[in-house]
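Just below is one structure, and these are the notes that go with it.
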Amino acid sequence: MDLSDRIIRRQQRDELPHLIEDYELIAPTSHLEEPIGRGPTLERLLDHFEPALEGRIPPNGYIYGVRGIGKSALVWAVIRQLASVTAVSPTAIHTSTRVDTRRMPGFVYVDAHVHTSLFAIYRAILDQLVDEPIPSQGVPTEALADRIGDRLRGTAGAVICIDHVDAPRAVDAAAIVEMFRMLPNNVAWVAIGELEPAAMPLTRYTDAPIRIDPLRQQVLIDVLMGRANRGLTPGAIDHAAARQVATWAEGNAHDALGALFIAADRAETAGRLSITHADLQAGCSAVPTDGVSLGRVMALPPNRQAVLRSLIDLDAGARASVTDATAALTMVDLSASTIKRFLYEMAEWGILTRIQSPVDHQPGRPPSRVEPNFAAPVFRRLYDLSQRQ
DNA sequence: GATCCACGGGAATACACGGATG
DNA sequence: CATCCGTGTATTCCCGTGGATC
């Protein structure tokens, strides 16, 4: 072994066994290209999209279900696959009776968490339909709409999925429908949300809504074990542990993955190669029940995330009131009034929970403090990883 | 010159409470 | 007793400004 080998070996010291081999693969924010154990649900989604395989535009749709059960993961995976089929075989599948030479429609997935204005939504759609770079500002919104129209006219059209249509920061659903009116009629849309169809005005314009159900316990265990197999060192977690988390999560895959992520990160930080019962306990208790998804938190604009990142490291004293927290958040390069406004806004959006201070005898309106309404340890790790580079 | 958007700042409003008023 | 008022905070609302693009 020569010196350079020795040096490389030193460099690769970090390549010694780690519990977590890939944070991405166990993160509740990332989706697998092949969802685990969701065959029947995938079939129902494919039923809806099936006309596209013969070059026809499927009806508009509404996919719904309670939070955390993998709606985004499933739709994302389906759209991704369909889009790649379109890309790989530009002509539609040949039937046994005749050759259909029409092209298949394109498939587009837009997250209304991330794209919170009509302009941004148009831009995201256009970005998936064309290769050229798209202006980020300086052009009127209608110009982007026109470009989408120009691109699609005379083609097989497109199916556009808008995820999280009923999110607090999302563009109003009615405005989205209005927006699709301006596009050629070879465009279909599929909205994904949490609201029951009766409460979702959009369903006036859709085919029968498609409900996604919470994961059965065994499926959720499979999901956890599958993620662990991909992202953790072999033997990091056993079946009983996965069952423990699955039971706690009651069909909510997002929360179960969050708990697993925290448990694994805790064990990793402690230098262990397997996850203990205490790690899992810590993981479960750090995931708030009825919290908002980490996807929603990670979709926030950079400065909001920076505020959150600093906020979750403040000690209880510094977070006693919104005013105190604002004053303590000096590491963020924003004015105090902006930080304060961010905190109130994020509370409005459900990202933070406002808790009234117990009545005291100070004059004036009693303050409230804000607490994260998401799995803070997961956000801390994902945010820090995203900052390295 | 137009357009979109994040910031920043401050006005307006809400709330709590003690004390005054009708 | 029900209201109103004044004071002190907290919270919400709104709009101007300026950077970055086109």
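Chain identifiers are assigned alphabetically (A, B, ...) following the order of the sequence lines, protein sequences preceding nucleic acid strands; residue numbering begins at 1 within each chain.
- A 4.0 Å heavy-atom criterion places the boundary nucleotides of DNA chain C facing chain A at C:dG8 to C:dC22, written 5' to 3'.
- Using the six-membered ring where Trp is involved, A:Tyr62 and A:Tyr64 have ring planes that are parallel, under 30° apart on the 30 and 60° scheme.
- Ring-plane geometry between A:Trp76 and A:His31 is classed as tilted, the angle between the planes lying from 30 to 60 degrees on a 0 to 90 degree scale.
- Ion pairing between A:Arg354 and A:Glu371 fails under the 4.0 Å rule for side-chain N and carboxylate O.
- Residue contacts shown for A:Ser335 are limited to sugar-phosphate atoms, with no base heavy atom under 4.0 Å away.
- Under 4.0 Å is where a charged nitrogen must lie from a carboxylate oxygen, and between A:Lys71 and A:Asp163 no such pair does.
- Here B:dG10 presents its P atom at 13 Å from NZ of A:Lys340, a figure rounded to the nearest Å.
- Less than 4.0 Å separates DNA chain C from at least one heavy atom of each of the following residues of residues 321-328 of chain A: A:Val322, A:Thr323.
- Here ring pair (Phe, Tyr, Trp, His ring centres under 6.0 Å) pairs that include residues 304-324 of chain A, with residues two or more places apart or in two chains, number zero.
- When hydrophobic clusters are built by joining Ile, Leu, Val, Met, Phe, Trp and Tyr residues whose side-chain heavy atoms come closer than 4.5 Å, directly or via intermediates, A:Leu232 is grouped together with A:Leu385.
- Side-chain atoms of A:Asp111 and A:His164 form a donor-acceptor pair, as typed in the model, at a separation below 3.5 Å.
- Between A:Arg309 and A:Asp313 there is a salt bridge, since a side-chain N of the basic residue sits under 4.0 Å from a carboxylate O of the acidic one.
- A salt bridge between A:Glu345 and A:Arg341 is present, with a side-chain N of the basic residue lying under 4.0 Å from a carboxylate O of the acidic one.
- Note on A:Arg354: only backbone sugar-phosphate atoms sit closer than 4.0 angstrom, heavy atoms only; bases stay farther off.
- The ring pair (Phe, Tyr, Trp, His ring centres under 6.0 Å) pairs that include a residue from residues 119-147 of chain A number zero, where partners must be two or more places apart or lie in different chains.
- For CG of A:Asp207, the number of neighbouring non-hydrogen atoms (other residues, nucleotides, ligands) closer than 6.0 Å is greater than 12.
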Check nucleotides 2-6 of chain B for protein N or O atoms closer than 3.5 Å to its own N or O atoms and list the pairs.
| unit_1 | atom_1 | unit_2 | atom_2 | d |
| --- | --- | --- | --- | --- |
| B:dT3 | O3' | A:Val139 | O | 3.3 |
| B:dT3 | O2 | A:Gly138 | N | 3.0 |
| B:dC4 | OP1 | A:Thr141 | N | 3.0 |
| B:dC4 | OP1 | A:Thr141 | OG1 | 2.8 |
| B:dC4 | O2 | A:Gln137 | OE1 | 3.2 |
| B:dC5 | OP1 | A:Ser117 | OG | 2.6 |

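- Residues of residues 162-180 of chain A having a heavy atom closer than 4.0 Å to DNA chain C: none are found.
- There is a path of hydrophobic side-chain contacts, each under 4.5 Å, that joins A:Leu352 to A:Phe342.
- Under a 4.0 Å N-O distance rule, the pair A:Arg380/A:Asp265 does not qualify as a salt bridge.
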